[in-house]
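Structure, as structure tokens:
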2 protein chains.
Amino acid sequence: MNTRDKILATAKNLILKVGYNAFSFSDISVPLGIKNAAIHYHFPGKEALGCAVIRKEHENVIKWKNEVDKLDPWQKLERFFRVYDKNMVHNRICMVGSISSDLYAVPESMRDCLHAMVVDINQWLTELLEEGRRLGTFQFHGPAEGKAAVVVTSLAAGLQIARVLGSDKFEQIKNQIKLDITPTKDDN
Amino acid sequence: MNTRDKILATAKNLILKVGYNAFSFSDISVPLGIKNAAIHYHFPGKEALGCAVIRKEHENVIKWKNEVDKLDPWQKLERFFRVYDKNMVHNRICMVGSISSDLYAVPESMRDCLHAMVVDINQWLTELLEEGRRLGTFQFHGPAEGKAAVVVTSLAAGLQIARVLGSDKFEQIKNQIKLDITPTKDDN
DNA sequence: TTTGTTACTTACCTACAAGTAAGTAAGTTT
DNA sequence: AAACTTACTTACTTGTAGGTAAGTAACAAA
């Protein structure tokens with residue numbers, strides 16, 4: 001792993017742990033054993049670094065979508081949960097939750113990067129729920145778009161609230177999400 | 001309204017809009033037409049101010065709970081939604097979402113204040129859902145605690161994601177929450 | 001071999017944040 | 001009237017943040 005990628009990885013971790021405005025260049029340079037100015041060699045400024053982190057995360061989302069493409073709806077959902085689980089164990093929140101909660105305190109370019117990513121995630125989950133309902137794998141009322149919004153926000157804020165109430169709360173949320181889309185015998 | 005309360009109100013707004021770490025004393029003193037040091041007269045430091053804001057919010061929650069105490073479950077839920085609506089129109093997020101997403105970047109005393117408040121909200125909503133289910137007003141699967149967690153996180157992150165995708169997304173979430181607890185004809 | 005490029009470091013600058021000590025004007029108490 | 005309290009302001013200190021200009025060691029290309 002080259003220095004540039006190490007900087008990106010460290011910055012990503014910091015954004016998910018303390019937020020964009022709460023980390024400094026030293027929080028990256030000291031653990032990596034480099035100087036602050038080395039970060040400026042790879043990225044013109046903090047804003048560009050922030051954008052690069054979000055764009056890389058977005059690329060990872062796209063790769064991940066292709067990876068899980070052939071799985072069935074429940075497996076896809078479980079894989080989706082696993083993304084949040086990985087953050088949960090490190091007391092991190094998700095990128096969307098971190099940047100959007102600080103949205104009016106980050107540069108506009110970062111908002112644009114985040115927007116593109118959120119649209120993608122939202123669309124993927126909406127299609128998954130729609131497909132699952134069509135196949136009878138999932139059951140829920142109302143538009144898939146609304147259901148997708150509830151699912152993704154429960155997970156995002158689930159990571160946040162779990163910091164306060166413990167990881168059990170996050171487990172409860174995942175279980176409830178599953179219960180809420182599990183088919184029952186009624187056919188209304 | 002005295003200066004102390006004006007400082008508290010301004011600080012609360014800033015926390016909900018840009019987060020605890022992204023506002024400075026000048027963001028409070030300039031609009032109020034006072035000097036930075038005046039804030040230090042009323043509050044020893046930023047940490048104490050942050051705690052005072054959360055504690056006041058917690059007190060408001062307690063008062064609010066008493067206000068809505070006699071309403072029926074659906075009315076209580078609508079009143080709960082209204083709290084989030086009021087933040088939505090100002091592009092604010094909720095106190096719990098703001099502080100918990102920056103939790104490892106705020107002083108420990110603030111985390112303690114937030115914890116007490118989150119426990120209270122969580123308990124109130126759990127009891128509401130439990131009561132609603134007992135009365136047949138609401139219908140959902142699994143423990144009320146898990147359902148409460150899904151509802152409150154959907155609303156909290158709903159405010160966050162609505163900053164990126166627009167307020168329609170928040171409306172979708174509220175509708176979906178209602179659909180997901182509306183009784184159907186099945187009696188499994 | 002000299003020229004250029006990559007990947008940094010050294011040393012420095014500017015801005016601004018939080019915090020504080022001392023002062024002050026207005027009102028309150030004794 | 002003297003002393004004290006309230007609610008600030010003035011003026012200052014300290015720390016740190018992001019950023020930059022200039023230098024350098026290692027290696028590659030012409």
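Chain A is the first sequence line, chain B the second, and so forth, proteins listed ahead of strands; every chain is numbered from 1.
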Separation of atom [atom1] in [X] from atom [atom2] in [N], rounded to whole Å:
X: H42(B); N: dT6(D); atom1: NE2; atom2: C1'; value: 9 Å
X: F43(A); N: dG18(D); atom1: CZ; atom2: P; value: 15 Å
X: N2(B); N: dG27(C); atom1: CG; atom2: C1'; value: 17 Å
X: K35(A); N: dG19(D); atom1: NZ; atom2: P; value: 19 Å
X: L14(B); N: dA17(C); atom1: CG; atom2: C1'; value: 15 Å
X: N21(A); N: dG18(D); atom1: CG; atom2: C1'; value: 12 Å
X: L32(A); N: dC8(C); atom1: CG; atom2: P; value: 10 Å

Practice item. Determine, for nucleotides 18-23 of chain C in 5'-to-3' order, which nucleotides have protein heavy atoms under 4.0 Å from the base (write B), from only the sugar-phosphate (write S), or from neither (write -). Key: SBB---
Exercise for review: Kindly confirm or rule out a cation-pi arrangement of K46(B) over F23(B), judged by NZ or CZ under 6.0 Å from the six-membered ring centre and within 45° of its axis?
Suggested key: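 The answer is yes, since K46(B) meets both limits relative to F23(B).
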Practice item. Check whether NZ of the Lys or CZ of the Arg R133(B) lies under 6.0 Å from the centre of the six-membered ring of F140(B) and within 45 degrees of that ring's axis. Key: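 The answer is yes, since R133(B) meets both limits relative to F140(B).
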Check your understanding: Has Y41(B) got a side-chain N or O lying under 4.0 Å from the OP1 or OP2 atom of dA7(D)?
Key ->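 True: Y41(B) side-chain N/O within range (under 4.0 Å) of dA7(D) OP1/OP2.
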Review point. Would you call the rings of F80(A) and W124(A) parallel, tilted or perpendicular if under 30° counts as parallel and over 60° as perpendicular?
Key: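 Ring orientation of F80(A) relative to W124(A): tilted.
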Point to revise | K35(A), NZ: over 12 other non-hydrogen atoms inside 6.0 angstrom | key: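 Atom NZ in K35(A) is not crowded, with 12 or fewer foreign heavy atoms closer than 6.0 Å.
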Review point. Could you state the interatomic distance from CZ (R55(A)) to SG (C51(A)), rounded to the nearest 0.5 Å?
Key: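 The distance works out to 5.0 Å.
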Check your understanding: Where the side chain of K178(A) meets the backbone of I173(A), is there a donor-acceptor pair that is under 3.5 Å apart?
Key ->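 No; zero donor-acceptor contacts below 3.5 Å.
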